[in-house]
There are 2 protein chains.
Amino acid sequence: MRLVQIYQCLCDETRLRLLNLLLRGPLCVCHFQTVLGEPQVKISKHLGYLRTRGLVTATRRGNWMVYALPEAAARSPELAANLACLQDCAAEQAVFRRDLARLARLDLTCGPIQAGGAASGGCCAPAKTFPKK
Amino acid sequence: MRLVQIYQCLCDETRLRLLNLLLRGPLCVCHFQTVLGEPQVKISKHLGYLRTRGLVTATRRGNWMVYALPEAAARSPELAANLACLQDCAAEQAVFRRDLARLARLDLTCGPIQAGGAASGGCCAPAKTFPKK
DNA sequence: GCTCTATATTCCAATCAAGGAATATGATCT
DNA sequence: AGATCATATTCCTTGATTGGAATATAGAGC
């Protein structure tokens, strides 16, 4: 993966906020909407941007689209390094800390098949709806 | 320094190449022109961009402008982290390696008052011209 | 003073990115 | 099949970014 492309993905505040949240685990669009307080189009478009450039993967789960960072093995060295760097840096800046706090408070997770999480009954409802496959 | 601003500086290939070279030490515009093989306007404008955003400092030395990274003490944690990350990543990509190779081969340096370097007599001529101050 | 050299700035055109409104898609439920 | 929910896409406008040509500035040397 070319280095510039990574930075092009990182050079927008909304995208940084999305990635920052994804560093904690998979999430679906409505989670981002809730945490960032930004309109659906905006979120969806930025996720699309990240997706086409390989910084994020997307899998459908019923009505929802679950976004996640590529699994560790699938990350280029550049991507891995920059994600680590982002995580460190974001920990020091207010916006990102606030987002993480809000995420934690809401207990939102789209962990793959993690029965835990998403307990608060938001979207991406747990096992009940998707045991068939 | 806001994180996005750093990434905005890093999201252009020319700027990445400039910074990659600066990680080896101060240089002046004509050095960049030689190594990158890009026209003067382009180099100068991108250096200006980096300068106004605090990623680079500039000091005049006679006819030449010497650009450098802010000294270690003056770097925000975010900047420090990202420069380190860039240095690592750039070491793995062809463009940047080629630039560094060319830089080394030409032995170009604008080290502050380093009597060594710039031996090949390019620009930024050593002590002879600037002993007066 | 004039000239030369190194670098910066202005002006312009072309391309690109961001955001929003409206609409479309795809899945689930009844 | 129709309704509904979550998300994606299209279209459009606005503003930013890039790059080049030409011109301006600042310093050195005569």
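Note that this is a predicted model, so its numbers are computed, not measured. First the proteins, then the strands, lettered A, B, ... as listed; each starts at 1.
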Trainee: Would you kindly check whether a donor in the side chain of B/Lys45 faces an acceptor in the base of D/dG19, or vice versa, at under 3.5 angstrom?
Mentor: yes
Trainee: Taking only N and O in the side chain of B/Arg60, is any of them less than 4.0 Å away from OP1 or OP2 of C/dA8?
Mentor: no
Trainee: Tell me whether the OP1 or OP2 atom of D/dA8 has a side-chain N or O from A/Tyr67 closer than 4.0 Å.
Mentor: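 Yes.
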Trainee: If only side-chain N and O atoms of A/His46 are considered, is one of them under 4.0 Å from the OP1 or OP2 phosphate oxygen of C/dA17?
Mentor: no
Trainee: For DNA chain C, whose closest nucleotide is more 5', that of B/Gln33 or that of A/Cys11?
Mentor: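 Its nearest nucleotide lies further toward 5', so the answer is B/Gln33.
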Trainee: For B/Arg51 and C/dT7, what is the distance between atoms CZ and C1' respectively, to the nearest whole Å?
Mentor: 11 Å
Trainee: To the nearest Å, give me how far apart CG (A/Asn63) and P (D/dC5) are.
Mentor: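 A/Asn63 atom CG is separated from D/dC5 atom P by 10 Å.
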Trainee: For A/Asp12 and D/dT17, give me the distance from atom CG to atom C1', rounded to whole Å.
Mentor: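 So the CG-C1' distance, A/Asp12 to D/dT17, works out to 14 Å.
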Trainee: What is the distance, to the nearest angstrom, from the NZ atom on A/Lys42 to the P atom on D/dT14?
Mentor: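 My rounded result for the distance is 18 Å.
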Trainee: Heavy atoms under 4.0 Å, any strand shown: does A/Phe32 hit a base, just sugar-phosphate, or nothing?
Mentor: nothing
Trainee: Reckon A/Ser44 has a side-chain N or O less than 4.0 Å from the OP1 or OP2 of D/dA8?
Mentor: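 Yes, because at least one side-chain N or O of A/Ser44 sits under 4.0 Å from OP1 or OP2 of D/dA8.
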Trainee: Have a look at A/Val41 and say if it touches a base, only the backbone sugar-phosphate, or nothing, with a 4.0 Å heavy-atom cut-off.
Mentor: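 Base contact.
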Trainee: Would you mind classifying the nucleic acid contact of A/Arg15 as base, sugar-phosphate or nothing, using non-hydrogen atoms under 4.0 angstrom?
Mentor: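 Sugar-phosphate, no base atom in range.
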